[in-house]
Amino acid sequence: MRLDRINSSVVLQLARQVYFRFLSSGPGGVEPAGIVLKVAATEGRVVFEAPVLLPDEHFVPIEWLRNRSVGRNRPGRPAPSRGPL
């Protein structure tokens with residue numbers, strides 16, 4: 001997927017919606033490989049193996065949906081020290 005040619009925030013938001021519907025309605029068990037989206041139609045499906053994509057489809061790996069904090073890790077600020085009371 002060429003992230004420079006799409007609105008990645010929209011793609012990830014749609015993929016999260018599809019994944020959430022899958023988690024809330026489907027039985028547990030087999031781990032999905034990712035989500036295939038037709039962004040123009042704002043629809044998608046959960047896939048369990050590497051998909052063959054049509055020209056208007058995008059594949060979003062499941063890891064992109066789970067690790068929301070990837071790339072956003074910031075060093076924690078140290079707790080403020082208190083002087084003698």
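Excluded from the calculations below are hydrogen atoms, water molecules and symmetry mates; all remaining heavy atoms, backbone and side chain alike, are included.
F22 is not listed as a side-chain neighbour of I35, based on a closest heavy-atom distance of 4.5 Å or more.
Tracing side-chain contacts under 4.5 Å through hydrophobic residues (I, L, V, M, F, W, Y), one never reaches F59 starting from V52; they form parts of separate clusters.
Remark: F20 engages no residue in a ring-ring contact (aromatic ring centres under 6.0 Å, His included) (not counting sequence neighbours).
Of the residues listed (L53, V60, L54), the one engaging V36 in a side-chain contact (heavy atoms from CB on, under 4.5 Å) is L53, and it is the only one. Considering L12, D56, L14 as possible partners of L37, the one that fulfils the side-chain contact (heavy atoms from CB on, under 4.5 Å) test is L14.
The two residues V46 and P32 come nearest to each other via the heavy atoms CG1-CB, 3.4 Å.
Among residues at least two apart or in separate chains, salt bridge (Lys or Arg N to Asp or Glu O under 4.0 Å) pairs with a member in residues 35-48 are R45-E57.
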